[in-house]
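Residues: numbered from 1 along the sequence shown.
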Amino acid sequence: MQLTKHGWGAVISIFILVPLLFKLSALLPVPTLYSGLTQDLLILLLFLLLNHFWFKIPIKWWHSQSLAHQNLQLIPGIIILLLPMTSNYIKLFQLARTPILGFYIGYTLLIGITEEYLYRGMLLPLLRDCFPNRIMLAICIDSLLFGFTHLLINSSQLTLSYVIPQVFYAAMGGLVFCGLYLRTNNLVWSMMLHALSDVSVIVSLATHTHTAAKLSIPTAYAIGISVLYLVLFIIVAFIIRWQVRPKKSALSQ
């Protein structure tokens, strides 16, 4: 695949534009229930247009070759991201089947689609172009920028004691999503895994525990969780390094 030649200018532009547009779109006169969905949808559409007319980054959405091999690449993500969410899946299946629950599920799916398009579909190829022979450096920077964006977007709405651990957790998840995209050549898999790993968002919205007050946690506890996620980030980085170790990868074909 031919990589884009925009380099660091495009990386910085995307990193700045994403949180800025989230902030600006939050000012739209949209009912609170639909504000998050509206933000993600507008930003996805905008970057689809920007990529089509300006960045021109090739996106590998889907192919059906070697599906058995592709399924195997899901194993790290299932173990690292989905198994720890088992209790949330149990809670999800216990919730009443209402239209609003379907809305929350759709919103969570949109989050996965938008964030994976931005960070794995667009940003990762740009970083690989900047570091053509250092794939793990590109993956780690992509993941850390992904995590830090959560701080820029959420710090004004939620307490730092909740957001800081979220930053490290998102960065760890970013490693997994990068590895999956590179090894399968399918962005759809990363989008699906991302949406499935956000099951806690659905449960939180459906049970009305997503307010700033209810998501506040003690500072000492937040520090402990952040350190744990940082250690896990390092461990997962080694796992993803092993996963993408062959020279042949999705973005270099």
Set of ring pair (Phe, Tyr, Trp, His ring centres under 6.0 Å) partners for [X], sequence neighbours left out:
X: Tyr117; answer: Trp61
X: Phe238; answer: none
X: Tyr119; answer: Phe146

Evaluate the side-chain proximity of [Y] to [X]: yes if any heavy-atom separation is below 4.5 Å, no if none is.
X: Cys178; Y: Ser143; answer: yes
X: Ile202; Y: Tyr107; answer: no
X: Trp62; Y: Asn185; answer: no
X: Thr219; Y: Leu160; answer: no
X: Leu232; Y: Phe168; answer: no
X: Leu28; Y: Leu42; answer: yes

Going only through I, L, V, M, F, W and Y residues with side-chain contacts under 4.5 Å, is there a path from [X] to [Y]?
X: Ile12; Y: Ile43; result: no
X: Leu24; Y: Ile14; result: no
X: Leu20; Y: Leu152; result: no
X: Tyr221; Y: Leu230; result: yes
X: Leu81; Y: Leu228; result: yes

State the [atom1]-[atom2] distance between [X] and [Y], to the nearest 0.5 angstrom.
X: Leu196; Y: Asn88; atom1: CG; atom2: CG; result: 12.5 Å
X: Ile239; Y: Leu175; atom1: CD1; atom2: CG; result: 9.5 Å
X: Ile225; Y: Ser161; atom1: CD1; atom2: OG; result: 11.5 Å
X: Arg245; Y: Ile135; atom1: CZ; atom2: CD1; result: 12.5 Å
X: Met172; Y: Ile235; atom1: CE; atom2: CD1; result: 10.0 Å
X: Asn186; Y: Leu67; atom1: CG; atom2: CG; result: 8.0 Å

Taking the ring of Phe233 and the ring of Tyr169, is the distance between their centroids below 6.0 Å?
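Ring centres of Phe233 and Tyr169 not closer than 6.0 Å.
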
Indicate yes or no for a side-chain donor-acceptor contact from [X] to the backbone of [Y] under 3.5 Å, with no hydrogens or angles considered.
X: Arg134; Y: Cys130; result: no
X: His63; Y: Thr184; result: yes
X: Tyr229; Y: Ile164; result: no
X: Lys60; Y: Leu182; result: no
X: Asn154; Y: His150; result: yes
X: Ser25; Y: Gln39; result: no
X: Asn51; Y: Lys56; result: yes
X: Ser204; Y: Ser200; result: no
X: Thr114; Y: Ile111; result: no
X: Gln166; Y: Leu151; result: no

Phe53/Leu48 under side chain to side chain contact (heavy atoms under 4.5 Å, CB included): CA gap, chis, key distance, verdict
CA-CA 9 Å; Phe53 291 106; Leu48 283 168; over 6 Å; no

Exercise for review: Take atom CE of Met136 as the centre, draw a 6.0 Å sphere, and report whether it contains more than 12 heavy atoms from other residues, nucleotides or ligands.
Suggested key: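 Yes, because the 6.0 Å sphere around CE of Met136 holds more than 12 heavy atoms from other groups.
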
ask   = Phe103 and Leu205: side chain to side chain contact (heavy atoms under 4.5 Å, CB included), yes or no, with the steps?
value = CA-CA 10 Å; Phe103 172 81; Leu205 290 170; over 6 Å; no

Shortest non-hydrogen contact from [X] to [Y]?
X: Ser35; Y: Thr32; result: OG-O, 2.9 Å
X: Gln243; Y: Pro76; result: NE2-CG, 4.0 Å
X: Leu110; Y: Leu41; result: CD2-N, 3.8 Å
X: Gly121; Y: Ile59; result: O-CD1, 3.1 Å
X: Pro84; Y: Ile79; result: CD-O, 3.5 Å
X: Arg120; Y: Gly174; result: NH1-CA, 3.7 Å

| Is it the case that Trp189 and Gln70 place a side-chain donor and acceptor less than 3.5 Å from each other? | yes

Parallel, tilted or perpendicular: which one describes the rings of Trp8 and Phe131, with boundaries at 30° and 60°?
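The rings of Trp8 and Phe131 stand perpendicular, inter-plane angle above 60°.
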
Item to check | side chain to side chain contact (heavy atoms under 4.5 Å, CB included) evaluation trace for Thr207 with Leu95 | outcome: CA-CA 9 Å; Thr207 56; Leu95 293 173; 4.0 Å; yes

Which is it for Leu101 and Thr98 under the side chain to side chain contact (heavy atoms under 4.5 Å, CB included) test, yes or no, and what are the steps along the way?
CA-CA 5 Å; Leu101 179 62; Thr98 60; 3.7 Å; yes

